[in-house]
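In what follows, a structure is listed as structure tokens, so that the remarks can point back to it.
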Amino acid sequence: KNGRIHLPLLVKYNSEFFGKANAGEMHFDFGQLIAHAAKTRDLPAGTIIGSGTVANENADVGSSCLAEKRTLEQIHLGEIKTPFMKDGDTVEIQMLNESGQNLFGRIFQKVKKVD
């Protein structure tokens, strides 16, 4: 609807709730993102356009990325409490439609220290 997917983006950090932002509230719709990208660079066949993270006005829905959460902590608490990811930390992202079907698959990443 209006170039946006009006569904929650579910994020878990180390298997715990981290965020459930409504992607329908993203500032720029996908048409605007594609138009801007096309004006500023060549877009060959197969180009993938990402929207970036999803944030909502309502802090009760959590965050979609650590940078957002850390920034909000600095603004509201005067200090950052959430550390950056470290070896062994995990993040899981998925978006389910009204029927519970996963729209783009489960994204699961685990931080691993490189020796």
Side-chain angles (χ1 to χ4, degrees):
K1 179 180 173 187
N2 298 324
R4 295 170 176 85
I5 300 171
H6 292 263
L7 293 169
L9 183 67
L10 310 170
V11 181
K12 288 184 180 177
Y13 181 51
N14 292 326
S15 301
E16 300 287 328
F17 172 83
F18 191 77
K20 186 179 177 181
N22 184 333
E25 293 182 27
M26 58 192 269
H27 185 72
F28 298 105
D29 66 46
F30 283 102
Q32 292 169 308
L33 295 174
I34 294 166
H36 177 73
K39 278 195 323 193
T40 59
R41 67 208 62 163
D42 290 331
L43 299 178
T47 298
I48 296 174
I49 307 276
S51 65
T53 58
V54 178
N56 293 130
E57 298 281 333
N58 179 358
D60 293 339
V61 299
S63 297
S64 296
C65 75
L66 285 174
E68 175 191 15
K69 183 169 180 66
R70 290 168 55 88
T71 299
L72 291 173
E73 288 171 347
Q74 182 66 49
I75 291 168
H76 298 293
L77 305 174
E79 64 179 319
I80 296 171
K81 297 195 176 264
T82 303
F84 286 115
M85 294 181 81
K86 62 189 178 313
D87 187 42
D89 284 347
T90 61
V91 64
E92 178 181 353
I93 303 169
Q94 54 187 333
M95 182 176 280
L96 308 177
N97 68 12
E98 295 85 359
S99 302
Q101 296 172 307
N102 199 322
L103 295 181
F104 52 77
R106 175 179 168 255
I107 297 171
F108 182 84
Q109 297 287 313
K110 184 173 188 174
V111 175
K112 183 172 178 165
K113 182 180 175 183
V114 177
D115 295 322

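Quick note: numbers below take in every heavy atom, side chains included, and nothing from hydrogens, waters or symmetry partners.
Between atom CZ of residue F108 and atom OG1 of residue T90 there is a gap of 4.5 Å, rounded to the nearest 0.5 Å. The OG1 atom of T71 sits 10.5 Å away from atom CG of L66, with the distance rounded to the nearest 0.5 Å. A distance of 8.0 Å separates OG in S64 from CZ in F18, rounded to the nearest 0.5 Å. In this structure, CG on L10 lies 8.5 Å from CZ on F17, to the nearest 0.5 angstrom.
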*Go through I107 and Q94 one step at a time and tell me if the side chain to side chain contact (heavy atoms under 4.5 Å, CB included) criterion holds.*
CA-CA 6 Å; I107 297 171; Q94 54 187 333; over 6 Å; no
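Under the 3.5 Å distance criterion, the side-chain polar atoms of E73 are matched with a main-chain donor or acceptor of T82. A distance-only check finds no donor-acceptor pair linking the side chain of Q101 to the backbone of N97 [under 3.5 Å].
Environment of CZ in F84: sparse, with no more than 12 heavy atoms of neighbouring residues, nucleotides or ligands closer than 6.0 Å. Counting non-hydrogen atoms of other residues, nucleotides and ligands closer than 6.0 Å to CG of D42 gives a total of 12 or fewer. When the shell of 6.0 Å around CD of Q32 is examined, it contains more than 12 heavy atoms from other residues, nucleotides or ligands.
Side-chain atoms of F28 and H36, non-hydrogen and from C-beta on, never get closer than 4.5 Å to each other. Between L7 and L96, the closest side-chain pair of non-hydrogen atoms is not below 4.5 Å. A heavy-atom distance below 4.5 Å is not found between the side chains of Q109 and V111.
For the pair L72 and S63, the tightest heavy-atom approach, listed with the atom from each and the gap, is CD1-OG, 4.3 Å. Closest heavy-atom contact between G88 and K110: O-CE, 3.8 Å. Taking every heavy atom of both residues into account, L9 and F104 meet most closely at CD1-CZ, 4.0 Å. For the residue pair I49 and A37, the shortest heavy atom distance occurs at CD1-CB, 3.8 Å.
Applying the side-chain hydrogen bond (donor to acceptor under 3.5 Å, both in side chains) test to pairs two or more places apart or on separate chains, those with a residue in residues 6-24 are Y13-D89, N14-D89.
Under the 4.5 Å side-chain heavy-atom criterion for grouping Ile, Leu, Val, Met, Phe, Trp and Tyr, M85 is connected to V11 within one hydrophobic cluster.
The pair E79-K81 meets the salt-bridge criterion, with a side-chain N (NZ, NE, NH1 or NH2) lying under 4.0 Å from an Asp/Glu carboxylate O.
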